[in-house]
2 protein chains.
Amino acid sequence: MADGPTINTIAERAGVSIASVSRVLNGLPTRQETVRKVMAAAEELGYVRNAVARSLKSRRTNQVAFAMADIGNPVYLAMVRQIQPVLKAAGYRLVLHSTDAIAADEIDVLHSLGERYVDGLIMSPLRVTGAHLDTLKAARAPVVIIGQVPEGTRVDNVRADSRTGVKLALDHLHALGRRRIALVNGPLDTVPGAARAAAYAEALDALGLPYDEELVEIGDFYRPDGVRAVAALLARRPDVDALMCANDLIALGALDVLRASGRRVPGDVAVVGMDDTDLAAASWPSLTSVSLGSAERGKAAAELLLDRLQHGEREPRLVTVPPRLVVRASTSGREPALPYDTPQEGGGR
Amino acid sequence: MADGPTINTIAERAGVSIASVSRVLNGLPTRQETVRKVMAAAEELGYVRNAVARSLKSRRTNQVAFAMADIGNPVYLAMVRQIQPVLKAAGYRLVLHSTDAIAADEIDVLHSLGERYVDGLIMSPLRVTGAHLDTLKAARAPVVIIGQVPEGTRVDNVRADSRTGVKLALDHLHALGRRRIALVNGPLDTVPGAARAAAYAEALDALGLPYDEELVEIGDFYRPDGVRAVAALLARRPDVDALMCANDLIALGALDVLRASGRRVPGDVAVVGMDDTDLAAASWPSLTSVSLGSAERGKAAAELLLDRLQHGEREPRLVTVPPRLVVRASTSGREPALPYDTPQEGGGR
DNA sequence: TTGTAAGCGTTATCAG
DNA sequence: CTGATAACGCTTACAA
């Protein structure tokens with residue numbers, strides 16, 4: 001772990017100036033003989049370019065940050081999995097920030113762009129406050145936001161379409177003959193919670209079904225919350241015949257309760273999850289789920305940022321990723337044949 | 001995105017030298033009046049310290065890298081989830097590398113430490129070759145290896161104990177009265193694959209059970225491989241009464257096949273997975289699994305690295321994390337009561 | 001083609 | 001207490 005050699009060390013050793021060393025190292029036109037000497041010296045010394053000094057001069061770090069609420073969340077994980085290879089291919093490193101959905105932390109990250117330790121940022125905030133927008137406007141590096149932002153916000157933006165997603169699910173359930181379709185939602189003061197509530201009402205309306213307050217239950221976005229919410233729902237409306245759950249974890253909790261109450265899925269109650277995480281394919285019965293394209297959103301965000309990094313100023317872009325309904329046994333009653341093609345779920349060595 | 005202010009900008013504005021600005025910014029003894037002027041100027045200009053210039057001078061980046069095969073793998077994910085907060089609390093940023101288990105990529109990462117863009121590295125290689133060890137020896141920054149390394153390798157090291165882990169599982173199955181316990185393993189040329197094969201033989205021996213080649217099946221570490229392997233196993237030995245699977249994904253595949261073949265779990269065949277990922281709690285029946293402490297290993301690695309970063313040279317340390325058997329329905333037949341306490345599985349908003 | 005020297009934004013030394 | 005000034009390691013005019 002001795003101090004590494006610098007271009008000075010090489011210059012001495014090769015008997016040339018540091019400028020020549022730099023030129024050779026950067027492939028600029030140089031006399032053959034000099035190239036040879038420099039390369040030899042670099043080789044012998046095990047020289048490696050100092051990225052920090054380079055960055056100071058070039059004003060580029062070749063690093064990009066991704067800030068999300070929690071890396072343990074399968075949705076963000078799916079994003080990271082796509083973002084990483086795109087950046088890597090373009091020669092960028094990925095710096096990860098986990099903000100625990102704390103607004104102050106998110107704003108900190110935006111602010112810290114001023115430190116110039118990254119060339120750009122991809123951020124997926126759970127709520128977007130005025131403070132977010134102010135800091136965003138003053139951000140010292142390009143930012144891509146994944147998620148809803150107020151109309152007119154001048155920023156590259158990637159969105160899911162949970163409105164259409166919920167509609168896909170409700171249409172599917174309706175086509176299966178379900179008429180008492182409940183919504184098991186997360187908190188309404190989050191962007192996704194609010195979006196799903198609105199979409200549910202809208203989709204019901206389009207189907208000509210009445211909106212019934214008793215069929216809506218709200219908890220948090222985790223499995224035990226799903227258990228509680230669905231237990232309450234069943235007590236209130238034992239005749240419910242379908243559950244639209246705001247994410248897969250809630251849906252897993254729903255499956256638990258339905259099983260415990262002796263109901264068959266989908267015979268008595270059909271269940272749809274959301275996000276189409278790995279858990280949906282792992283559960284039994286396997287879970288029909290609305291994919292909001294987390295992977296695609298991650299990829300799109302990375303590409304948007306790279307484009308901005310390469311082309312500088314341009315009009316902000318909006319990419320909306322279409323949702324997709326992945327039908328599995330919790331609504332169709334049919335498990336996939338064996339041996340099936342599971343999508344790569346990530347290894348487990 | 002205009003060029004940010006530097007200490008020069010502030011110095012001009014405040015009518016002092018850059019040295020004074022630096023002193024104020026670093027809290028060194030300075031006259032009150034000067035402090036005031038500098039702070040005011042910094043405030044007005046929205047000054048933020050340039051991390052790159054700082055690093056060049058201080059020779060510290062406050063960044064640490066974590067290199068793993070694939071962030072999508074739940075095992076590495078569990079590590080990242082622990083590593084991140086430990087580093088964050090100590091003021092370090094996390095740079096993520098995904099090497100796809102390609103040795104050349106891993107060696108690249110080790111080599112790139114010479115670029116000095118991070119202060120240290122945590123690495124979890126799937127196989128450790130001679131080239132790894134050579135590069136490791138010459139590494140220009142502290143490294144912590146998660147996983148087995150040859151005896152005598154002078155490096156901070158964190159290990160799982162899959163030997164004991166397999167033994168825990170087999171003892172459990174034996175206590176339940178199972179006597180024809182199969183091993184569904186991954187490739188033998190990986191470190192975990194080899195370790196599990198050896199541990200299986202050893203544990204059988206300790207129990208006084210014969211080693212039966214027909215009860216061992218090898219595939220890869222994914223769910224479809226589990227499906228294939230267990231189908232072959234059942235065809236050969238329909239009397240098998242327990243499956244020790246080398247990871248949870250394989251075990252999920254096993255559950256699929258058993259279900260399709262009309263066997264009850266655990267009535268006819270008990271199943272144990274390994275790694276205790278989120279999927280184990282999500283499956284039905286829920287999966288008994290051997291936790292190899294991925295989370296703890298991640299945490300230990302981060303702490304080891306931080307200690308080395310703070311205290312410099314010292315003897316390399318070895319931390320071995322004990323395994324833990326998490327008993328669920330696939331062996332006990334009992335699902336947890338509702339509403340249960342699920343460990344935080346990561347959200348899903 | 002090559003070397004000298006300036007500068008990227010900080011920190012730190014050393015006189016005043 | 002403060003201000004010049006020299007690094008940190010690299011890139012890049014500009015001159016030779």
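Keep in mind the model is a prediction, meaning the values are calculated, not measured. Each chain gets a letter, A, B and so on, in the order its sequence line appears, and its residues count up from 1.
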Checklist entry - With nearest nucleotides of DNA chain D determined for B/Pro29 and B/Leu56 from heavy-atom distances, which residue corresponds to the more 5′ nucleotide? => result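 Result: B/Pro29.
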Checklist entry - Start at the 5' end of DNA chain D and walk down; is the nucleotide closest to B/Gly15 or to B/Ala53 reached first? => result B/Gly15
Checklist entry - Do A/Asp119 and A/Arg308 sit within salt-bridge range, that is, some charged N less than 4.0 Å from a carboxylate O? => result no
Item to check | Sidechain N-carboxylate O distance under 4.0 Å for A/Arg36, A/Glu43 | outcome: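 Salt bridge flag = no for A/Glu43 with A/Arg36.
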As a test of understanding, state which of [options] forms a side chain to side chain contact (heavy atoms under 4.5 Å, CB included) with [X].
{"X": "B/Val64", "options": "B/Leu121, B/Val118, B/Leu305", "value": "B/Leu305"}
{"X": "B/Glu296", "options": "B/Val319, B/Val321, B/Val158", "value": "B/Val321"}
{"X": "A/Met68", "options": "A/Leu96, A/Ile146, A/Leu77, A/Leu126", "value": "A/Leu96"}

Contact class for [X] (heavy atom, under 4.0 Å): base, sugar-phosphate, or nothing?
{"X": "A/Ser20", "value": "sugar-phosphate"}
{"X": "B/Val52", "value": "nothing"}
{"X": "B/Thr6", "value": "sugar-phosphate"}
{"X": "B/Leu25", "value": "nothing"}

How long is the line joining [atom1] of [X] and [atom2] of [N], in whole Å?
{"X": "B/Leu45", "N": "C/dG9", "atom1": "CG", "atom2": "P", "value": "14 Å"}
{"X": "B/Arg59", "N": "C/dT10", "atom1": "CZ", "atom2": "C1'", "value": "14 Å"}
{"X": "B/Asn50", "N": "C/dC8", "atom1": "CG", "atom2": "C1'", "value": "9 Å"}
{"X": "B/Ile10", "N": "C/dT11", "atom1": "CD1", "atom2": "P", "value": "11 Å"}
{"X": "A/Lys37", "N": "C/dT1", "atom1": "NZ", "atom2": "C1'", "value": "12 Å"}

Next on the checklist: Does B/Gln32, at its CD atom, have more than 12 non-hydrogen atoms belonging to other residues, nucleotides or ligands within less than 6.0 Å?
Outcome noted: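 No, CD of B/Gln32 has 12 or fewer neighbouring heavy atoms, counting only those of other groups under 6.0 Å.
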Pairwise N/O distances under 3.5 Å, protein to nucleotides 13-16 of chain C:
none

Below 4.5 Å, heavy atoms only, C-beta onward: do [X] and [Y] meet side chain to side chain?
{"X": "A/Gln148", "Y": "A/Val128", "result": "no"}
{"X": "B/Arg116", "Y": "B/Arg59", "result": "no"}
{"X": "B/Tyr92", "Y": "B/Leu309", "result": "yes"}

Next on the checklist: Within the 3.5 Å criterion, strictly below it, is a donor on B/Ser112 or B/Tyr117 matched to an acceptor on the partner's side chain?
Outcome noted: yes
Checklist entry - Which residue, A/Ser17 or B/Leu28, contacts DNA chain C at a nucleotide closer to its 5' end, judged by nearest heavy atom? => result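 Residue closer to the 5' terminus by nearest nucleotide: A/Ser17.
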Checklist outcome for this item: At a 4.0 Å cut-off to heavy atoms of chain A, the contacted part of DNA chain D spans D/dG9 to D/dA13
For [N], does either OP1 or OP2 sit under 4.0 Å from a side-chain N or O belonging to [X]?
{"X": "A/Tyr117", "N": "C/dG9", "value": "no"}
{"X": "B/Asn8", "N": "C/dG9", "value": "no"}
{"X": "B/Ser58", "N": "C/dT11", "value": "no"}
{"X": "B/Arg49", "N": "C/dT11", "value": "yes"}

